[in-house]
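Take a look at the structure set out below.
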Amino acid sequence: MAEENFFDRVYEVVRQIPAGRVTSYGAIANYLGTKRSARVVGYAMGASGAAYPPVPAHRVVNSQGLLTGKFHFASFDLMEQMLASEGIRVEDNKIRNFKEAFWDPSIELSRD
DNA sequence: ATAATGACATACA
DNA sequence: ATGTATGCCATTA
């Protein structure tokens, strides 16, 4: 078994994302202290399919609010479908109210 | 151990 | 604003 410690960190944070909110890979990486490893966060998401409990990877987008990982889901529409189902407005693979729906772990999880 | 890849981010033209 | 280029960190081959 590989050291999924880092992945576990990512999963744990992503799991704390409340419904109707989204965050960016960089924000998660920043919260973990490895803000440079935003790519690794995305990589961890790819392995999230083998993680349990499953993580709401659909709530994780890039800094532009773009659904870059939708092509990695079971179905392309699945990601935006989930987001739309939680109140997230998605237009052209991008989150419209991204600024409103953005959820920063380093802030939200930092409130005592 | 080295090289290549990747669901990102930032900088520059 | 858009496209190209480079950097970063962890995983896989």
Side-chain angles (χ1 to χ4, degrees):
Chain A
M1 293 289 285
E3 296 293 329
E4 49 186 299
N5 190 341
F6 192 92
F7 286 7
D8 193 16
R9 296 289 183 185
V10 179
Y11 302 151
E12 198 168 336
V13 176
V14 176
R15 267 190 263 128
Q16 308 316 304
I17 303 175
R21 302 290 184 191
V22 294
T23 190
S24 62
Y25 305 96
I28 297 171
N30 183 15
Y31 177 72
L32 297 177
T34 56
K35 62 180 185 182
R36 312 297 184 184
S37 56
R39 315 185 70 165
V40 188
V41 175
Y43 195 83
M45 308 266 65
S48 63
Y52 187 85
V55 306
H58 59 271
R59 295 181 188 150
V60 186
V61 297
N62 69 352
S63 60
Q64 302 177 31
L66 191 67
L67 282 55
T68 51
K70 63 178 287 184
F71 295 101
H72 292 255
F73 279 78
S75 303
F76 306 140
D77 298 329
L78 182 61
M79 186 172 187
E80 55 185 277
Q81 199 73 85
M82 296 276 273
L83 293 172
S85 183
E86 298 192 347
I88 304 295
R89 285 173 174 264
V90 180
E91 184 75 30
D92 190 41
N93 299 344
K94 202 176 91 179
I95 297 176
R96 285 301 205 177
N97 54 342
F98 177 60
K99 190 171 72 174
E100 301 176 39
F102 185 66
W103 181 87
D104 192 336
S106 63
I107 295 177
E108 304 297 326
L109 295 180
S110 181
R111 298 187 177 180
D112 277 17

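On a predicted model such as this, the values are computed, not experimentally measured, just so you know. Quick note on labels: first sequence line is chain A, next is B, and so on, each numbered from 1.
Closest to the side chain of A:Thr34, out of C:dT12, C:dA10, C:dC8, is C:dA10. Minimum atom distance to the side chain of A:Asn62 is reached by B:dA9, of the listed B:dA9, B:dA7, B:dG6. You'll find that the side chain of A:Ala38 is closest to B:dC8, out of C:dC8, C:dT12, B:dC8. When each of B:dC8, C:dC9, B:dA7 is scored by its nearest atom to the side-chain atoms of A:Arg36, the top-ranked nucleotide is C:dC9.
Residue A:Val40 is the one, among A:Val40 and A:Lys35, whose nearest nucleotide of DNA chain B lies closer to the 5' end (criterion: closest heavy atom).
Nearest heavy-atom pair, A:Phe7 versus A:Ala44, reported as atom, atom and distance to 0.1 Å: CD1-CB, 3.4 Å. Of all non-hydrogen atoms in A:Trp103 and A:Pro18, the two that sit nearest each other are NE1-CD, 3.2 Å.
Remark: B:dT5 base-pairs with C:dA10. Criterion, Watson-Crick or G-U wobble with two distances under 3.5 Å. The partner of C:dA1 is absent, by the rule that a Watson-Crick or G-U pair needs both atom distances under 3.5 Å.
In this model, a side-chain donor or acceptor of A:Tyr25 finds a partner on the base of B:dA7 within 3.5 Å.
Between A:Leu66 and A:Asn93, the closest side-chain pair of non-hydrogen atoms falls below 4.5 Å. Between A:Val14 and A:Met45, the closest side-chain pair of non-hydrogen atoms falls below 4.5 Å. Within the 4.5 Å cutoff, no side-chain heavy atoms of A:Val61 are placed close to those of A:Thr68.
Across all strands, A:Gly46 comes closer than 4.0 Å to base atoms (heavy-atom distances). Within the 4.0 angstrom heavy-atom criterion, base atoms lie near A:Ala57. Looking at heavy-atom distances under 4.0 Å, A:Phe71 makes no contact with the nucleic acid at all.
What separates CG of A:Leu83 from P of B:dA7 is a distance of 18 Å, to the nearest Å.
An OP1 or OP2 oxygen of B:dC8 is reached within less than 4.0 angstrom by no side-chain nitrogen or oxygen of A:Ser37. Taking 4.0 angstrom as the limit, A:Ser63 places none of its side-chain polar atoms (N or O) nearer than this to OP1 or OP2 of B:dC8.
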